[in-house]
Amino acid sequence: FYEYGESLAEDLKVAQRFGTARSYRGIVSILKTFTKGKDLKFNELNYDFIKKFEKYHLAKGNSINSLSVYLRAIKAIYNKGIKAGLVEREAYPFANYSIRQTPTEKRALKIDDIRKIMVLELPKHMALSRYRNYFICSYLLYGMNFTDMCYLKLENIVDGRIKFRRRKTSKLYDIKITKQLDQ
């Protein structure tokens with residue numbers, strides 16, 4: 001399992017899917033710690049193994065949501081292993097296991113705080129001024145991810161609109177450039 005997970009992470013890195021590659025490498029590392037470095041075969045990754053991993057993870061004071069992230073990565077690697085013929089579908093450990101998640105507390109800023117940030121006068125030479133501008137730009141572009149902002153080019157501006165495809169999801173966005181954004 002470890003070797004295959006690492007191999008998938010390498011392939012993802014080449015495909016410039018760095019976040020997923022990091023996720024796969026992370027779960028391989030965590031599972032190595034959990035198994036005390038013992039090699040993990042696909043057929044050893046069964047329902048009982050997952051339940052023991054869950055108990056181990058939660059006993060360390062970690063959250064259900066972080067467990068969910070890890071289990072989704074394990075599940076994805078396992079599914080790819082089935083497709084690659086490395087393990088039989090009948091051995092699938094998630095058939096009777098439900099990955100749980102709890103709602104997270106909303107952490108949104110209040111509109112008054114956003115207004116304060118927008119009108120805050122900062123010297124242009126300060127790095128803080130640039131960071132504030134990135135935040136405002138992201139906010140005005142419907143919360144655009146910083147990575148997507150980094151990949152914007154002049155060609156993305158068409159007829160007073162910013163048109164781009166989100167790198168992570170490939171979803172197409174078409175956002176009008178407002179007066180506030182044009183400053």
Side-chain angles (χ1 to χ4, degrees), residues 1-111 113-114 134-135 138-151 164-173 175:
F1 184 85
Y2 300 147
E3 192 175 307
Y4 186 64
E6 289 285 349
S7 169
L8 289 174
E10 251 334 284
D11 293 346
L12 288 163
K13 196 172 155 189
V14 169
Q16 296 188 348
R17 293 186 55 203
F18 301 112
T20 307
R22 193 171 32 254
S23 174
Y24 285 13
R25 279 214 169 89
I27 192 56
V28 166
S29 175
I30 289 162
L31 288 175
K32 282 181 180 178
T33 301
F34 174 63
T35 61
K36 297 177 175 70
K38 180 183 166 274
D39 194 26
L40 179 63
K41 308 277 188 253
F42 271 96
N43 64 347
E44 295 171 327
L45 208 160
N46 55 30
Y47 178 84
D48 289 336
F49 180 91
I50 293 170
K51 290 302 283 183
K52 287 176 187 168
F53 178 70
E54 176 184 302
K55 186 176 178 182
Y56 162 83
H57 178 80
L58 297 175
K60 293 182 77 158
N62 296 312
S63 73
I64 288 284
N65 288 353
S66 62
L67 175 66
S68 169
V69 170
Y70 297 149
L71 291 175
R72 285 195 312 268
I74 292 169
K75 186 176 180 178
I77 294 169
Y78 203 97
N79 285 334
K80 290 178 189 314
I82 290 172
K83 285 181 182 170
L86 299 175
V87 63
E88 296 297 319
R89 180 164 296 285
E90 292 74 37
Y92 190 62
F94 293 95
N96 296 314
Y97 183 89
S98 177
I99 298 175
R100 300 173 290 153
Q101 208 168 357
T102 58
T104 56
E105 182 181 329
K106 295 290 181 192
R107 297 180 299 244
L109 291 174
K110 292 178 177 39
I111 192 67
D113 293 329
I114 291 171
Y134 294 144
F135 170 81
S138 170
Y139 176 77
L140 293 173
L141 292 171
Y142 300 140
M144 182 189 282
N145 178 290
F146 185 73
T147 300
D148 291 329
M149 285 178 23
C150 290
Y151 281 96
F164 73 98
R165 189 170 298 280
R166 175 107 201 272
R167 294 186 71 81
K168 183 175 180 180
T169 63
S170 294
K171 182 177 177 185
L172 190 61
Y173 285 82
I175 304 168

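Note that the coordinates shown come from a computational prediction; the quantities given were computed from them, not determined experimentally.
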Identify the heavy atoms of [X] and [Y] that sit nearest to each other, and give their distance.
X    : Y    : answer
A73  : I27  : CB-CG2, 3.9 Å
S68  : R100 : CB-O, 3.3 Å
F94  : K75  : CE1-CA, 3.5 Å
V87  : Y78  : CG2-OH, 3.3 Å
Y24  : A76  : OH-CB, 3.3 Å
Q101 : N65  : CG-OD1, 3.0 Å

Stepwise side-chain contact (heavy atoms from CB on, under 4.5 Å) check, I175 with F164: CA-CA 9 Å; I175 304 168; F164 73 98; 4.0 Å; yes
Using side-chain contact (heavy atoms from CB on, under 4.5 Å), reason through Y173 and M144 one step at a time and then give a plain yes or no. CA-CA 10 Å; Y173 285 82; M144 182 189 282; over 6 Å; no
If the plane angle is over 60° it's perpendicular, under 30° parallel, otherwise tilted; pick one for Y139 and F135. parallel
Using 30° and 60° as the class limits, which term best fits the ring planes of F1 and F42: parallel, tilted or perpendicular? perpendicular
Point-to-point distance, once rounded to the nearest 0.5 Å, from [atom1] of [X] to [atom2] of [Y]:
X    : Y    : atom1 : atom2 : value
L8   : S23  : CG    : OG    : 11.5 Å
Y151 : R167 : OH    : CZ    : 4.0 Å
L45  : I50  : CG    : CD1   : 5.5 Å
R72  : L67  : CZ    : CG    : 10.0 Å
K51  : N46  : NZ    : CG    : 12.5 Å

Hey, does [Y] have a side-chain heavy atom less than 4.5 Å from the side chain of [X]?
X    : Y    : answer
Y97  : E54  : yes
F49  : P93  : no
R25  : S29  : no
K168 : N145 : no
V14  : D11  : no

Show the numbers, then the answer: is there a side-chain contact (heavy atoms from CB on, under 4.5 Å) between I77 and I74? CA-CA 5 Å; I77 294 169; I74 292 169; 6.0 Å; no
Can you tell me if E88 has over 12 outside heavy atoms packed within less than 6.0 Å of its CD? no
So with a 6.0 Å cut-off around CG of D113, is the heavy-atom count from everything else above 12? yes
For L31, is there any backbone N or O sitting under 3.5 Å from a side-chain donor or acceptor partner on Y2? yes
Donor-acceptor pair, side chain of H57 and main chain of K52, under 3.5 angstrom: no
Note: R166-D148 ion pair, threshold 4.0 Å (strictly below): yes
Can we say E3 and K41 salt-bridge, meaning some charged N sits less than 4.0 Å from an Asp/Glu carboxylate O? no
With K80 as the cation and Y4 as the aromatic partner, state whether NZ or CZ is under 6.0 Å from the six-membered ring centre and within 45° of the axis. no
Residues in side chain to side chain contact (heavy atoms under 4.5 Å, CB included) contact with K60, at least two apart in sequence or another chain: Y56, N62
